[in-house]
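The structure appears right after this line, and notes come after that.
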Protein chains: 2
Amino acid sequence: MATPLYRTVIDTIVERIASGELPSGTMLPSETQLGAELGVSQGTARKALMELEQSGLVQRAQGRGTFVTVRTPETSLFNFFRLRHPDGTLEGPQLDRETVTRRSATDTERADLHGSPEDVIEIERVRSIGGQPVTHEMSVIPAAMFPGIAERQPLPNTLYVFYQQAYSVIIVRADERLGAIGAPEASAKALGLDAGTPVMDVRRRAVDVLERVVELRRSINRTDALDYFVSLS
Amino acid sequence: MATPLYRTVIDTIVERIASGELPSGTMLPSETQLGAELGVSQGTARKALMELEQSGLVQRAQGRGTFVTVRTPETSLFNFFRLRHPDGTLEGPQLDRETVTRRSATDTERADLHGSPEDVIEIERVRSIGGQPVTHEMSVIPAAMFPGIAERQPLPNTLYVFYQQAYSVIIVRADERLGAIGAPEASAKALGLDAGTPVMDVRRRAVDVLERVVELRRSINRTDALDYFVSLS
DNA sequence: GAGTGGTCTAGACCACTTT
DNA sequence: AAGTGGTCTAGACCACTCC
C-alpha cells in the first residue's frame with residue numbers, strides 16, 4: 001500500500017480539473033459511479049471527494065451532487081483580498097488604472113517563479129474603494145504560461161478568476177509577507193499620500209493547484225480607513 | 001438524526017479536555033475502546049477522532065495512539081507569533097519588560113470579552129529578538145477567568161501555554177486586524193524608535209476551544225528587520 | 001420517485017510502534 | 001506478539017433535492 005487508493009483517485013480528479021476536462025461548475029460523477037469507473041468502493045471514492053471538498057476544489061451538497069468549485073469575483077475577493085472595513089465588511093475595489101508590460105525577468109523572479117521564465121508580464125494596478133485609492137499593486141507572471149494576455153486589456157477586476165477561466169490556472173493558496181513602511185514615491189503619488197506616510201507593504205507568492213508558484217505580487221496599501229484581516233490557528 | 005453520533009462523541013471529548021479531565025499529553029482510548037465506551041461503532045469513533053485531529057486538539061500516530069496535543073512554547077510561537085526573518089526562519093523572542101495590572105474593563109472590552117467582565121488583567125510586555133526590541137504588546141483578559149494571575153509574575157514567555165496549563169483555557173484561534181501606523185510615543189520609546197516611524201499595528205481577538213473570546217491583544221511591531229508571515233487560502 | 005450525499009455499522013487486512 | 005491507527009470493502013438507512 002505504497003500510495004493509498006483514495007490518493008490516486010484524488011490525483012485523477014485534480015488532473016481532470018487542472019487540464020480543463022472538468023471546467024468550473026461541472027458536476028462530478030456520484031460516489032458510486034466514480035468508484036465503479038476507477039475500480040474502488042463507494043467508500044473510497046467518498047473519502048477522495050471529501051478531501052477534495054476540504055481543499056476547496058469541489059463543493060458538495062446533499063441531494064444535489066459534487067461540483068467543481070465556481071470561483072466568482074466575490075469568492076475570490078473574499079479569499080484573497082484582505083482589506084475590510086473596521087466592522088469586517090468587504091467592499092469590492094474598483095480598478096482605477098492598469099498598465100500591462102512584457103519584459104525580461106529579474107534574477108529573483110526567475111528563481112521564484114515556476115519554470116524559471118525568461119520573460120514575464122507585469123501588471124500594475126491602482127484600485128480604489130469608495131472613491132479613495134487604497135491599493136497600488138504590481139503582479140508578475142510568467143509570460144509563457146499566459147500567452148496573449150498583454151493583448152487583452154483591460155483585464156478583469158479579479159485576476160485569479162481570469163487565470164482560471166482563460167488559462168486553467170487555479171490559484172489555491174497565497175503566502176504573504178507583510179511590513180509597515182513609509183510610502184515609496186510612486187505609490188504615494190498613486191494613492192494620493194505624502195511620501196513616507198505609513199503604509200502596508202505586502203509581498204505575495206501565489207501558488208496553483210499543482211503547487212507551482214505562478215504569480216509574484218507586491219502591493220502597497222493604505223490602512224487608515226481599512227484593516228487587513230487575517231485569522232490564525 | 002438531528003445531531004450525528006460522531007458529533008456527540010466529539011463534544012464529549014472536547015468537554016473532557018476543556019475540563020482538565022484529559023490534560024495535555026494524555027493518551028486517549030483507542031478507537032475500539034472509545035466506541036465501546038460510548039456505544040458507537042469503531043468507525044464512528046474514528047471519524048470523531050479524525051475531526052479532533054484536524055482541529056488540532058489531539059494528535060494521532062499510527063502504532064502509537066491518540067494524544068491530547070501538547071502545546072509547547074515552540075508550537076505556540078509557531079502558530080501565533082508571525083514575525084519571521086526574511087528567509088522564513090522563526091527566532092523566539094525574549095521577554096524584556098513586563099507589567100501586570102488589574103483594572104476595570106472599558107466598555108469595548110466588556111462588550112468583546114467573554115462574560116462581560118467587570119475587571120480585567122492587563123499584561124504589557126516588550127519583547128526582543130537578537131537583542132533588538134521588536135514588539136510592544138498589551139494583552140487584556142477577564143480577571144475572573146484567571147484568578148491569582150497578577151501574583152504570579154514574571155509570567156512565562158508564551159502566555160497561551162500558560163493559560164492552558166494553569167487554567168485549562170485552550171486558545172485555538174486568533175483573529176487579527178493589521179494596519180500600518182506611525183509609532184505612538186509610548187511604543188516608539190519601548191522599541192527605540194522615533195515617534196512616527198512606520199510600524200505594524202496588530203489588534204487580536206483570541207478565541208478558546210469553547211469559542212469564547214478570552215483575550216484582546218494589541219501589539220506594535222517593528223518590521224524593518226522582520227516580516228509578518230501569513231498564508232491565505 | 002429517483003438520485004444524491006450524510007451517517008453508521010461490521011469486518012477485514014495492512015503498517016507501524018512498542019514491549 | 002500485542003496493540004495502535006490507516007486503508008478498504010459491502011451494505012444499510014436517512015435526509016435532501018429535483019423532477
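Below, read A as the first sequence line, B as the second, and so on, with proteins coming before strands; counting in each chain starts at 1. Just so you know, these numbers come straight off a predicted model, no measurement behind them.
- Between B:E176 and B:R203 there is no salt bridge, since no side-chain nitrogen of the basic residue lies less than 4.0 Å from a carboxylate oxygen of the acidic one.
- Between the CZ atom of A:R46 and the C1' atom of D:dA10 there is a distance of 15 Å, given to the nearest Å.
- Stacking of A:R204 on the aromatic ring of B:F229 is not recorded, the 6.0 Å distance cut-off and the 45° axial limit not both being met.
- As a whole-Å value, the separation of B:E53 CD from D:dG6 P is 6 Å.
- For C:dT9, the OP1/OP2 oxygens have a side-chain nitrogen or oxygen of B:T44 closer than 4.0 Å.
- What separates CD of B:E31 from C1' of D:dA2 is a distance of 16 Å, to the nearest Å.
- Taking only side-chain atoms of B:S30, from C-beta outward, the nucleotide of D:dT7, C:dG5, D:dT4 with the closest atom is D:dT4.
- Regarding A:Q59, its CD atom lies at a distance of 12 Å from the P atom of C:dG6, rounded to whole Å.
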Distances under 3.5 Å between protein N/O atoms and the N/O atoms of nucleotides 16-19 of chain C, please, pair by pair.
unit_1, atom_1, unit_2, atom_2, d
C:dC16, O4', B:Q62, OE1, 3.2

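- Qualifying salt bridge (Lys or Arg N to Asp or Glu O under 4.0 Å) partners for A:E211, counting only residues two or more places apart in sequence or in other chains: A:R173.
- Here the P atom of nucleotide D:dT4 and the CG atom of B:L34 are 12 Å apart, to the nearest Å.
- Atom pair A:L28:CG and C:dT4:C1' shows a separation of 13 Å (rounding to whole Å applied).
- The residue among A:Q42 and A:Y6 whose nearest nucleotide of DNA chain D is located toward the 5' end is A:Y6.
- Within a 6.0 Å radius of CD in B:Q132, more than 12 heavy atoms belonging to other residues, nucleotides or ligands are found.
- Residue A:V40 has its side chain nearest to D:dT9 when only D:dT9, C:dC8, D:dT7 are considered.
- Using a 4.0 Å heavy-atom cutoff across all strands shown, A:T66 reaches sugar-phosphate atoms only and no base atom.
- Listed pair B:K47 / C:dC8 fails the phosphate criterion, with no side-chain N or O lying under 4.0 Å from OP1 or OP2.
- Out of C:dT7, C:dC8, C:dT4, the shortest distance to the side chain of B:S41 is found at C:dC8.
- Residue A:P4 places its side chain closer to D:dT7 than to any other of C:dG6, D:dT7, D:dT9.
- The listed nucleotides are C:dG5, D:dT9, D:dG5; the one nearest the side chain of A:R60 is C:dG5.
- You'll find the side chain of A:V140 stays beyond 4.5 Å of the side chain of A:I121, heavy atoms only.
- In this structure, the CD atom of A:Q33 is 13 Å from the C1' atom of C:dA2, given to the nearest Å.
- Of the options A:R125, A:Q94, A:R127, a side-chain hydrogen bond (donor to acceptor under 3.5 Å, both in side chains) to A:N157 is made by A:R127 and by none of the others.
- A straight line from CG of B:L5 to C1' of C:dA10 spans 15 Å, rounded to a whole angstrom.
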Got a list of side-chain donor-acceptor pairs under 3.5 Å for residues 110-117 of chain B, not counting sequence neighbours?
unit_1, atom_1, unit_2, atom_2, d
B:R110, NE, B:P117, O, 3.1
B:R110, NH2, B:A105, O, 2.9
B:R110, NH2, B:E118, O, 3.3
B:D112, OD2, B:R205, NH1, 3.3

